[in-house]
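All values below were derived from every heavy atom in this structure, side-chain atoms included, with hydrogens, water molecules and symmetry-related copies excluded. It should be emphasised that the depicted structure is a prediction, and the values quoted were computed from it without experimental measurement.
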Amino acid sequence: MKQLACLLLLSISFTLVKAQQLFVPNGSIIFEKKVNLQRLMENSAISERIKKYKTSLWELSFDNSKSLFQPVKKQEDEPEFSLFGFNDNSENELYTNYHQDKRVIKKRILGEDYLLTDTIPKMEWKIMHEMRNIAGYDCRKAVGVMNDSVYVVAFYTDDILLKGGPEGFSGLPGMILGLAIPRYFSTWFATKVTPYAEQSLAITPPGRGKKIVTEKEFNKLIEIYSRHDELLKQKPELVKKRFYGFTL
């Protein structure tokens with residue numbers, strides 16, 4: 001009887017150790033973000049004067065309930081490219097608390113840092129059969145739609161427990177390691193995943209920036225941003241999409 005109990009205990013211990021080895025509760029992921037600028041700006045006068053791709057590295061630090069998405073230090077010789085008043089290589093950050101259904105976006109708008117608080121956007125996903133290996137993890141394809149008509153293609157792994165991803169995308173049964181938005185000619189793919197056996201990172205909301213809390217403060221920010229654009233003055237909902245949208 002004692003031998004049976006010992007064998008059972010050893011079997012349970014082995015299963016727990018194996019599960020800890022298979023599933024990643026804490027860690028960091030490096031993503032390469034690539035934007036085809038020439039396609040994105042093909043109808044503008046500057047499309048032929050800019051380089052084809054804009055590439056940047058972003059780090060997603062995570063534990064079992066929170067994540068922080070922020071840029072890796074940019075190269076000194078890498079010029080900044082500004083689109084709609086947002087600099088791609090700025091100090092922007094995205095903190096997400098999945099248990100509280102809350103996120104804090106630090107975004108540089110017209111040269112000043114702002115802190116915007118929001119709930120986590122929800123997206124309906126359709127899980128497909130296609131598989132792809134990304135950064136050493138087998139990932140399953142999923143397709144979603146944002147803003148009613150913009151298709152998003154994602155690849156997620158259920159080996160990483162947090163149901164998150166780059167740029168704040170989430171809602172799949174695991175971590176998103178690959179993401180593509182064809183309409184915006186943009187992709188995000190993990191190049192390195194570093195698991196941690198224990199939570200060793202302090203994942204906290206960004207603290208430096210002007211907090212936008214009240215509706216009055218937000219309307220004032222919209223007014224500042226759209227001051228010299230008649231179209232945006234008439235469509236404040238478009239400005240809000242730019243503030244809270246996927247592009248960090």
Side-chain angles (χ1 to χ4, degrees), residues 16-34 56-74 89-107 115-123 125 127 132-142 144 146 152-181 186-209 244-248:
L16 290 174
V17 170
K18 192 68 176 177
Q20 289 174 351
Q21 292 174 343
L22 287 175
F23 299 109
V24 180
N26 315 286
S28 68
I29 306 169
I30 299 298
F31 285 91
E32 181 185 66
K33 176 182 178 180
K34 183 178 286 188
S56 56
L57 296 178
W58 294 74
E59 182 177 20
L60 180 71
S61 305
F62 64 92
D63 58 23
N64 62 357
S65 64
K66 305 181 297 296
S67 68
L68 181 65
F69 189 61
Q70 58 188 340
V72 176
K73 184 179 179 182
K74 80 170 190 174
N89 277 323
S90 64
E91 295 300 317
N92 297 338
E93 298 177 7
L94 174 59
Y95 166 86
T96 306
N97 188 313
Y98 296 90
H99 285 181
Q100 297 179 1
D101 190 31
K102 182 184 76 172
R103 63 179 186 165
V104 179
I105 305 168
K106 177 184 175 184
K107 182 164 286 190
L115 299 178
L116 308 174
T117 303
D118 192 19
T119 56
I120 300 174
K122 302 297 186 294
M123 181 179 291
W125 294 98
I127 297 177
R132 179 171 179 175
N133 190 280
I134 301 174
Y137 290 81
D138 290 330
C139 300
R140 185 176 295 277
K141 181 179 179 179
M146 70 178 197
V152 180
V153 179
F155 290 88
Y156 72 93
T157 176
D158 53 13
D159 290 338
I160 300 176
L161 298 179
L162 187 68
K163 300 175 182 180
E167 296 279 1
F169 284 91
S170 62
L172 286 166
M175 179 66 73
I176 297 172
L177 295 183
L179 189 75
I181 306 180
S186 302
T187 60
W188 297 256
F189 278 95
T191 59
K192 181 181 180 182
V193 178
T194 305
Y196 300 128
E198 298 180 358
Q199 182 177 341
S200 57
L201 298 173
I203 300 176
T204 57
R208 300 182 65 179
Y244 290 99
F246 76 94
T247 303
L248 287 170

Pair Leu177-Thr157, side chain to side chain contact (heavy atoms under 4.5 Å, CB included): steps then yes or no: CA-CA 7 Å; Leu177 295 183; Thr157 176; 3.6 Å; yes

Set out, in order, the CA-CA distance, both residues' side-chain angles and the distance that settles side chain to side chain contact (heavy atoms under 4.5 Å, CB included) for Glu32 and Ile30, then state yes or no. CA-CA 7 Å; Glu32 181 185 66; Ile30 299 298; over 6 Å; no

Look at the side chain of Trp125 and the backbone N and O of Ser170, then say whether any donor-acceptor pair between them is shorter than 3.5 Å. yes

Please report the interatomic distance [atom1]([X]) to [atom2]([Y]), rounded to the nearest 0.5 Å.
{"X": "Asp101", "Y": "Ile120", "atom1": "CG", "atom2": "CD1", "result": "5.0 Å"}
{"X": "Ile29", "Y": "Ile160", "atom1": "CD1", "atom2": "CD1", "result": "4.0 Å"}
{"X": "Thr187", "Y": "Lys33", "atom1": "OG1", "atom2": "NZ", "result": "10.0 Å"}

Heavy-atom side-chain proximity of [X] to [Y] below 4.5 angstrom:
{"X": "Pro121", "Y": "Arg103", "answer": "yes"}
{"X": "Pro205", "Y": "Leu115", "answer": "no"}
{"X": "Pro71", "Y": "Asn92", "answer": "no"}
{"X": "Asp159", "Y": "Asp138", "answer": "no"}
{"X": "Trp188", "Y": "Ile181", "answer": "yes"}
{"X": "Leu60", "Y": "Met175", "answer": "yes"}

Where [X] and [Y] come nearest, the two heavy atoms and their spacing:
{"X": "Arg208", "Y": "Lys106", "value": "O-CE, 3.3 Å"}
{"X": "Gln100", "Y": "Asn97", "value": "N-OD1, 3.0 Å"}
{"X": "Ile134", "Y": "Ala190", "value": "CG2-O, 3.6 Å"}
{"X": "Gly27", "Y": "Tyr196", "value": "CA-CD1, 3.3 Å"}
{"X": "Pro206", "Y": "Tyr95", "value": "CD-CB, 3.6 Å"}

Would you call the rings of Phe155 and Phe189 parallel, tilted or perpendicular, where under 30° means parallel and over 60° means perpendicular?
tilted

Angle between ring planes, Phe31 versus Phe69, binned at 30° and 60°: parallel, tilted or perpendicular?
perpendicular

Check the pair Glu59, Thr194 against side chain to side chain contact (heavy atoms under 4.5 Å, CB included), reporting the backbone distance first and the verdict last.
-> CA-CA 11 Å; Glu59 182 177 20; Thr194 305; over 6 Å; no

By salt bridge (charged side-chain N to carboxylate O under 4.0 Å, His left out), Asp158 pairs with (sequence neighbours left out) none

Only residue of Ile203, Thr204, Thr96 satisfying side chain to side chain contact (heavy atoms under 4.5 Å, CB included) with Lys66 is Ile203

Ser67 meets the side-chain hydrogen bond (donor to acceptor under 3.5 Å, both in side chains) criterion, sequence neighbours left out, with Tyr98

